[in-house]
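Data first, discussion second: the structure below is written as structure tokens.
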Amino acid sequence: MEKKNITNSFLTYGLGNILFSLVTLTLVPLYLEKLDVIDYGNLTMFLISSNLITIFFSVNVSNGILRLFTDKEHGFNPQKVLSTIFVFFIFSLVIVLSLSTFFVEEIAYFVFKDKEYSSIIYLTLTYGFLRIYFQTILGLFRALHKPKTYVGLSIVDVFTLALFNICIVYFTDFDIDKIFYGYLSSSILSIIFGCILARKYFSFSFNKAILKYLLLYGVPLSLANIISYIINYGNRFFLLHFVDAENVAIFDVSQKISNVVGMLFVGAFLTSFTPYYLDSYNDVKFDVFQKKVNKVIISLTTVYFLFAIATILFDNIFLGFLTETKYLASAQYVPILIMSNFMYLLFMITTMGTNILKTTKVEMYTTMVAITISLGLNYYLIKNIDLLGAAISQFLVNVVTVIIMVQYNKRRFPIKFEWWKITNILLFFILVASLDYLMTINDFSIGFSIVVYLLFFAIYIYLNRVVFLNIFNKVKILVKKIF
């Protein structure tokens with residue numbers, strides 16, 4: 001694989017994120033049909049809490065491994081790297097589980113608003129750490145530039161998740177507890193396969209220098225990531241305590257629909273973009289680096305909003321198939337959340353300077369300011385306008401983080417982004433979203449709506465035809481190389 005080819009990188013290292021996201025989204029209709037609204041809200045809290053644990057305790061180890069091997073001044077042995085990380089996280093899990101026994105009922109009430117869910121807290125913690133172990137193995141294969149192994153292991157992870165959940169839904173006396181155990185079991189199986197593939201990188205060793213490097217690099221990023229995650233998902237806790245689990249479920253469906261775009265592009269792109277810009281910055285002049293980065297960002301923005309437009313045009317059709325009519329309210333928050341996801345993506349892109357300059361503390365400080373604003377906005381807006389307040393606060397806070405990082409880049413990492421192109425695309429999306437809302441509330445006929453939607457879809461493709469043609473040609477060349 002050519003390390004500096006973003007198309008190759010996206011289709012390999014981003015493929016795992018895409019597949020996992022697709023399976024997760026595919027399972028949502030099954031959950032919505034089998035679970036009542038409150039149980040689905042509790043499942044949402046389980047997944048969000050386990051992701052928080054993964055992000056916080058992982059200390060961003062996946063990117064840390066990549067940075068470790070990219071940094072030419074260090075020559076750490078991959079065997080020592082993997083073993084050191086596993087020893088550290090096993091020790092951390094034992095400590096966390098031990099400490100949680102003293103506060104398990106309080107944690108259960110905070111997460112689920114029900115102390116009877118105390119046993120699920122241990123599952124949540126364990127599942128969070130299992131994902132850390134799995135991401136560590138994937139991070140090693142990405143750092144060693146082994147795309148086939150990376151993709152193969154990602155497919156195994158996706159397959160086991162789908163298999164366990166489908167078996168639970170269709171071949172057991174279905175209840176919510178079994179879903180929790182299904183996620184746990186699928187992760188264990190994925191880790192076993194990962195350990196088999198990475199067996200030659202294991203050794204019985206522990207290296208303090210490796211751990212110190214990873215912690216110094218990863219802790220600020222980990223804190224920044226956990227805060228960013230709370231900004232985008234922490235509003236569920238406010239909804240749970242100020243409203244109820246039913247509204248958590250409705251809002252989560254909105255987020256899942258918006259994540260048809262967000263999860264498929266944000267996670268996959270960031271996974272592939274990090275090694276791309278680290279390699280490019282080291283190998284080319286700054287003006288060439290700036291042009292390459294801008295070309296990638298504009299292409300991403302164009303494709304992102306193509307899928308975003310398609311999503312808001314067809315979200316009502318998807319919700320119409322659900323037997324629970326309460327979920328129809330989810331559609332009105334989708335456009336705001338799509339824009340919020342994009343702002344988060346822009347924030348992560350603009351932090352490339354902190355990664356390159358090794359000033360990741362700046363990202364942490366930025367998110368600390370953001371979460372302070374987020375807590376205030378969530379408290380005020382959710383108490384007053386419920387679900388709409390949650391969506392608006394999430395969008396506004398992500399805008400603030402982008403503004404802060406842009407100002408930082410002007411002083412320390414003067415890369416010039418083509419903001420006018422991004423703004424034009426965003427304004428077109430707002431126009432289409434407004435049109436979709438007006439047509440929905442005025443109950444236009446389906447036939448007329450489809451004609452209008454297709455017209456705007458065609459206009460968008462025409463206006464951005466150069467970008468789409470360029471992407472199409474690159475994908476075609478890549479496919480010819482593969483086959």
Side-chain angles (χ1 to χ4, degrees), residues 21 24-25 27-57 96-97 100 103-131 161 165 168 174-184 186-187 225-259 262-263 324 326-327 329-330 333 337 371 374-375 378-379 382-383 386-387 389-391 393-394:
S21 301
T24 303
L25 292 169
L27 292 172
V28 170
L30 296 179
Y31 296 151
L32 295 179
E33 289 296 324
K34 295 288 184 177
L35 296 172
D36 61 38
V37 181
I38 292 177
D39 276 346
Y40 181 74
N42 287 329
L43 175 61
T44 297
M45 299 309 297
F46 164 77
L47 294 174
I48 288 174
S49 300
S50 59
N51 285 338
L52 282 171
I53 292 162
T54 301
I55 296 169
F56 181 75
F57 288 103
V96 171
L97 286 175
S100 65
F103 313 102
V104 66
E105 289 188 354
E106 289 76 10
I107 297 171
Y109 184 78
F110 177 73
V111 175
F112 299 106
K113 212 174 180 180
D114 189 344
K115 291 184 178 180
E116 292 184 3
Y117 276 83
S118 297
S119 60
I120 302 302
I121 294 300
Y122 297 116
L123 289 179
T124 306
L125 290 167
T126 305
Y127 176 68
F129 271 88
L130 287 174
R131 297 312 298 172
L161 176 66
N165 278 273
I168 287 168
F174 181 79
D175 62 58
I176 189 170
D177 288 356
K178 288 187 174 68
I179 296 178
F180 299 148
Y181 285 105
Y183 273 89
L184 195 71
S186 67
S187 284
N225 289 341
I226 193 72
I227 292 171
S228 295
Y229 191 84
I230 292 172
I231 289 169
N232 289 298
Y233 292 90
N235 45 30
R236 312 300 201 281
F237 294 97
F238 283 92
L239 286 169
L240 180 66
H241 289 276
F242 287 146
V243 195
D244 52 37
E246 187 174 291
N247 278 272
V248 172
I250 292 171
F251 192 79
D252 188 71
V253 171
S254 299
Q255 188 81 62
K256 287 291 193 302
I257 295 173
S258 70
N259 280 353
M263 290 175 68
E324 184 59 69
K326 292 178 181 178
Y327 289 122
S330 301
Y333 313 111
L337 294 175
I371 197 169
S374 176
L375 292 173
N378 276 317
Y379 179 82
I382 291 176
K383 283 189 72 173
D386 299 339
L387 296 170
S393 64
Q394 185 173 318

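Every heavy atom of this structure was used, including side-chain atoms; hydrogens, water molecules and symmetry mates were not.
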Checklist outcome for this item: To the nearest 0.5 Å, atom CZ of Phe46 lies from atom OH of Tyr127 at 6.5 Å
Next on the checklist: Thr126 and side-chain contact (heavy atoms from CB on, under 4.5 Å): which single residue from Ile121, Val96, Leu184 fits?
Outcome noted: Leu184
Checklist entry - Taking it one step at a time, do Leu97 and Phe129 satisfy side-chain contact (heavy atoms from CB on, under 4.5 Å)? => result CA-CA 11 Å; Leu97 286 175; Phe129 271 88; over 6 Å; no
Next on the checklist: Can you confirm whether or not the ring centre of Phe238 sits under 6.0 Å from the ring centre of Tyr379?
Outcome noted: no
Checklist entry - What distance separates Leu125 CG from Thr54 OG1, expressed to the nearest 0.5 Å? => result 10.0 Å
Checklist outcome for this item: Value for CG (Leu47) from CG (Leu52), rounded to nearest 0.5 Å, stands at 11.0 Å
Checklist entry - Between Arg236 and Asp252, what is the shortest heavy-atom contact and its length? => result NH2-OD1, 3.6 Å
Next on the checklist: Below 30° counts as parallel, above 60° as perpendicular, anything between as tilted: where do the rings of Phe110 and Phe237 land?
Outcome noted: parallel
Checklist entry - Taking all non-hydrogen atoms of both residues, which atom of Val248 and which atom of Met45 are closest, and how far apart? => result CG1-SD, 3.9 Å
Item to check | Atom pair OH/CD1 of Tyr183 and Ile168 - distance to nearest 0.5 Å | outcome: 9.5 Å
Item to check | Short side-chain to backbone donor-acceptor contact, Ser393 and Ala390, under 3.5 Å | outcome: yes
Next on the checklist: Using only atom types and a distance under 3.5 Å, with no angle test, would you say the side chain of Ser50 pairs donor to acceptor with the backbone of Gly128?
Outcome noted: no
Checklist entry - Looking at side-chain heavy atoms only, is the closest gap between Phe251 and Gln394 below 4.5 Å? => result yes
Checklist entry - Hey, what do you get for CD1 (Ile382) to CG (Leu240), rounding to the nearest 0.5 Å? => result 11.0 Å
Item to check | Polar side-chain atom of Ser374 near backbone of Ile371 as donor-acceptor pair, under 3.5 Å | outcome: no
Next on the checklist: How close do Ala249 and Gly41 get, counting heavy atoms only, and between which atoms?
Outcome noted: CB-N, 3.8 Å
